[in-house]
Each structure stands twice: as C-alpha cells, then as structure tokens.
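Within every chain, numbering begins at 1; the chains are lettered A, B, ... in the order of the sequence lines, protein sequences first and strands thereafter. Keep in mind that the numbers below use all heavy atoms, side chains included, and drop hydrogens, waters and symmetry copies.
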Amino acid sequence: MDFFILMLGFPLVSGLLLTVFGERAWAPNLNIVASLGTFLASALLTVEIVAYGPRFAFGEMFFIDSLNVFFVSLTAFVGLTTSIFSSPYMKNEQEHGRLSIPRLRLYKSMFQLFMFTMLSALTTNNLGVLWVAMEAATLTTVLLVSLYRTPASLEAAWKYFILCGVGIAQALFGTILLYFAAERVLGETGNALLWTHLVEVKGQLEPTIMALSFIFLLVGYGTKVGLAPLHNWLPDAHAEGPTPVSAVLSGLLLNVALYAILRCKVLADGAIPGGFAGNLMMGFGLFTLVTAAFFLSRQKDIKRMFAYSSIEHMGIVTFAFGMGGAVANFAGLLHMTMHSLTKSAIFFAVGHATQKTGTQLMEDIRGLIKINPVIGWGLMLGTLAILGMPPFGVFASEFMILTHAMKYHPWATPILLTALGVAFAAIFGKVQPMVFGETHAKPLPHAPAITPVFVHLSIVLMIGLYIPPYLTRWFHEAARMLG
Amino acid sequence: MSAVPFSAQIINLFASVILLLAFAMLGQRRVMPLINLFAYQGLVLAMSTAVVAFTTHQHHLYWSAGLTLLLKALLLPWILHRLVRRLNVKWDVESLIAIPTTMLVGVGLVIVAFNVALPISQLSNTITRGTLGIALATVMLAFLMMITRTKAIPQVVGFLAMENGLFLAATSATYGMPMVVELGIALDVLVGAIILGVFFFQIREQFDSLDIRNMEKLKDS
C-alpha cells in the first residue's frame, strides 16, 4: 500500500464526506479517525523516506524528501491533536449558543480540506501547484475565521482574505518570473516548474531575474508567514477565529508558507552569488522579530497576544534560515517544530481557559489554577516553554540560533537579545496573574480534552533534554538539503 | 528601429487596451459599469491570448484563452452582477483619495512598472515581450484600486483585475504557465469569488452595509 496516497487521501475523502454527513452524531469521531489515519500514513511514509531516501509519486507530480516529510509528519501530528482537542471544545461552543450545527459541519469539512491543501503544498514538486495549494489553504480557512459571524470575526476574515490575496498575487508574479528564468535553461517542456529539475540547473538560472523573482516570492509567501510589515491579518485572524483554527493557523499554516520560501531560497542561492537571498531573509526576520516584540506588551486579548508571539517566532526562524549553513538550518528546523508544538498546546489551553471564563480579555481571566489546575499549569508551562526557558526545546533552538549569530553576525546579537527580553517581560507579566490570583469562573458542560496540551509539552520538554539520534540524523539530513 | 510584425502590433494594441481599461476602472465611480469594465478587460485578455496562440502555434494557449473568456469575461461578471442585484447595492463607488489624484498616482505606478519590467523584457525572446511592462502596470493599478476603495465589491473587482494582470504577465513573459498550474489558478479564482459571494451576505447581515470603513474595530491600542 502506498502511504503517500493514504496520507493525501484521508483528509480529502473525509473532508468531502464531512461536507455531506457533517451533521451526524458520529461526525466528530470521523474527524478524529481521519486525522489519525493521516498521521499514521505520514509516520509510515517518514519511516520509508528515512530508510530508502527521496521518492516521487504520480510520475513527477509529487516529490518527497527528508525536508518535506519532516513538515508532513509535524502537520499530520498537530492536525491529529487539534481534532482531538476540538471535539469537546466545539460541543461546548455549541452549548454556549455560539455555533449552530451547520456551522460545525462547515468547520469539520473545511478542517480536513485545509489539511489536504497543506499536505499537497508540502509534497508537490511543481512550484506552480505549490502556489495553487497555498491559495487554496487560504480559501479553506477564510470561512473558518468568520465562523462565529460576529462583526469582529467578519472583519478579521475580510482582512485575511484581501491581505493574503494581495500577498499571494505577488508570489504568483514571482513564480511567473521563476518559470521565465527556468524556461531559458530547461526549454519549453512542462518540466520548467518542477523543483527537482530546477535544482539541477540552479547555477545556470539568470541572476537578475532570480533576484527579482525571489523578492516577489519572499514578500508574497512572507505575507502568509506573517513577516512584518505585512503581518496585520495574522493577529486578527487568530484572535477572532475559533481556537482550533488559531492552533492550526499558527502551528501549521505559517510553517507551510515558510517551507515554500525555503524551497525558493535553495534555487535563489544557487543562482545568485553573494548570499543575496539569505541577507534579505535575515533583514525581514529581524524586523519582524522586533516589531512583534514591541507590539506584544500592548495586547489586551489573550489570543491576539499569542498570535503576536507567533509572528515573533516566525521572525526568529526566518532569521535563522537567512544565516544559512548546517547549524543555523538545523536550529531553524528545530525551532519551527518546537514552536508548532508549543504554540498549538498554548492555544488549546487558552481555548479552555476562555471557555471557562467566557472572555478573551486578559484582565478578566484570573486564577486559572484554582478553577482547573491542569489548564492553569498547562498554560503556565506552555508560556514558559514558548519564552525559551530551559529545559524546554525552544531554549535549545534559540540558544543555537543566538550562538550562531554571535559567531557569524555579531551585529544582530543585541537586536535579538533585546527583542527576546522585551517579549519575555510582556508575555510573562500578563500570563502570571491569569494563572494565579482570584477567580469567579464556572464549570463546563463537556470535560475539556487536556491530553493534547501535555502530549505536546512533554515532547517539547523531551527534545529540550535529549534529542533522539534518529531525530538528529533526520534533522541533519533536512538541514543539508537547504544548503 | 526594425519593423514590428503585424501580429506583435495586434498584441501590443490589445495590451494597451487592457491598460486603458485598468485606468478606466480606476476612474469609474459606479458599481455596475465597473463590473462591465472588468468583463471587457477579460474579453480583451482572452482575445490577445488567442492571437498569441495563433502566431506562436502554442496550442495550450487556446485553452487558456477559452478559460479566460469563460471565467473572466462571462462567469465572474455574471456572478458579480447577480450579487449586486441581490444585495440591491447601486451606490456610487467611494474612494478614500479623490479620483483625479489616484489617476496621477496610477501614472506614476505605470512608469515604475515599465522600469522594473525593462531588464526582464530585454532578456525575453517572446513575441509578446513588450507587454510585460503593461502587465505589471495592470497589476499595480488593480492594487491601487484595492487600497483606495472603501466598498467591498470594488475591492474584489480590484482583486480579480490583479489576477488579469498576472495572467497577462504569464503570457507575455513565457507564453503561459503549464496547463495544470493554469487550471489550478482558475479554480482558485472561481472558488475565491464564490466564497466572497457568501461573505458579502454575511457582512451585510452584520453591518447593514458593505462599507469596509465599518470594519475598523480591530486595532492594536
């Protein structure tokens, strides 16, 4: 059995099934089972790739190597835990009268189709199809962001659609230019957008066109990553959408967009001498990090604050990949993994906390530890992890990025340290009273699913203390791919 | 200067009509004529693609031309027309900046676009290379329209016009993208338009208007 087909088939088929049967009582279970199937298939696919090396699927349409299989398994894993988390969460929302049954059907089918678009974006070999899948990922989530139909959520969804639409249009122009550069070398066959062909001739691509193309691609896909100054859609979409959507947007969609940039960077690096692409990414990364860090302290809404924290971390990762080289790429990949796991765990905890207190305003959330110690500790530990406290995994990756920056780009170190310090003060100062302190919250009709929070956090903790050699080898392999 | 072949002249003529229509859209104050202008732009785009297909014998471009005609000259304008009628909005298009000013900014953008496109068209050897600057200018003008308009429907027309410009860029630089990509893009545009249609009704239900200025609550302060 081909695990690749299963991996793409599960979300597609279940997404379509849920469109029809999404109102049945067993629909949430189908959602979980399909996500479990996707995860198992991607885990087996990973084993296969690590053991036997890269492979194609459907002719040369799809290409799986250790770099994207790593993103695939991460995406499938967070997708699985999110579907487990969302089952009781959405039932609670329904009983609070915030969501009707047809909207829950929309949520479940769009969630699976969203997984499908992301997994196809990750595994496609064709840079044009990558664009199509990225745009489709936006389209599937627009209606999810506006699921509550409140004025604020509609505004957020509109902003999300228009800003990401403009961004993705830039990326399309970049792709056209890339195709133009490639056609001069590869000729007018259909192969000129296939990454595996492009990477073989990357040294012959016209540098001027590639530079222009990479700028458009970086700005375009960068909009979806949340790189400043085009990050405005991100806090709104995260704060106003339902929490499971915030978790997958933050934990997965940003990664997939960054993955698209990385694939293009490999080509741009080959074509343009002098580290042009890397410098551009370093600049964008630092600017994003600083902007997000200073916006953090001004936030009043808890989901908004953690959305800004996602922007901050995407800035760090972009900076790391911009530095390039084996160590920085390894650290970048590790940081992306840690961020995905930690941030989605935080959003799970935040989701339960806001349901219990009935508000997203941080001033009104107090004393979580007294209502539900598990949620309180989950939020506290998650916050400590995302702030880069040892012994969590984020510390390990941030430490590697910092030391690498000190060695090769010392000018960036003070900026990095200041931004990290500001972010720490802002987030910790706000989370601490929310967890401890007096409270007046009520119990929920459906017991929350807490397990995903702690599964994520324990993986992050484990990687902070000890990275299994299997994982190290795999990360090294993927980092080598990025040059 | 050497003589430009007749077909290239035709293509250049169509491209300039597309640019002219982009300016006309920028200056248009009413919703219905704006949608019609968008439909004309799609029609001219399809015609110019067909001419390119005929002169260069790129058969897949006939398909692209047909797809453009169907989607951008017929289907999308029809959807937009229906939406406008169903939502019963026939108001004037309001602009954040006075329309003559936006036209002047637009002229500036065209100059920028031509300068950016110059190095690329010099490297290109397609018959359509002269139109790349026009394509980029169309994208930028549509972008300008999206920024300056305050109502939802003109913003969407701007979004779709931007896609027209990108399509023109693809045909002029490389004789079009591979078929699978073009089909995917067309599908995305269509699904996007349908989702937006759903979205208009949701916005209207909540705000009693399609004025985007109602939606400025989400701010960082």
Taking all non-hydrogen atoms of both residues into account, name the closest pair between [X] and [Y] and its distance.
X      : Y      : value
A:L139 : B:D188 : CD1-O, 3.4 Å
B:F199 : A:L154 : CZ-O, 3.8 Å
B:V181 : A:V129 : CG2-N, 4.1 Å
A:A169 : B:M162 : CB-CE, 3.6 Å

Where does [X] contact chain A at under 4.5 Å (heavy atoms): side chain, backbone, both or neither?
X      : value
B:V156 : side chain
B:E182 : neither
B:L187 : neither

Quick one: pull up [atom1] in [X] and [atom2] in [Y] and give me the separation to the nearest 0.5 Å.
X      : Y      : atom1 : atom2 : answer
B:F143 : A:Q170 : CZ    : CD    : 5.5 Å
B:T171 : A:I176 : OG1   : CD1   : 8.0 Å
A:I162 : B:Q155 : CD1   : CD    : 5.0 Å
A:T175 : B:L166 : OG1   : CG    : 9.5 Å

query: Can the ring centres of A:F161 and B:F159 be said to be less than 6.0 Å apart?
result: yes
Would you mind checking which part of [X] comes under 4.5 Å of any heavy atom in chain B, side chain (CB onward), backbone (N, CA, C, O), both or neither?
X      : result
A:A157 : both
A:L130 : neither
A:L177 : side chain

*asked:* Other residues, nucleotides and ligands only: do more than 12 of their heavy atoms fall within 6.0 Å of CZ on B:F54?
replied: no
Item checked: Greater than 12 external heavy atoms within 6.0 Å of B:Y40's OH -> no
With chain B, the option among A:F173, A:F180, A:W131 that has the most non-hydrogen atom pairs under 4.5 Å is A:F180
Do B:E163 and A:L172 come within less than 4.5 Å of each other through their side chains, counting heavy atoms only?
yes
Ranking B:V180, B:V191, B:I185 by heavy-atom pairs under 4.5 Å to chain A gives rank one to B:I185
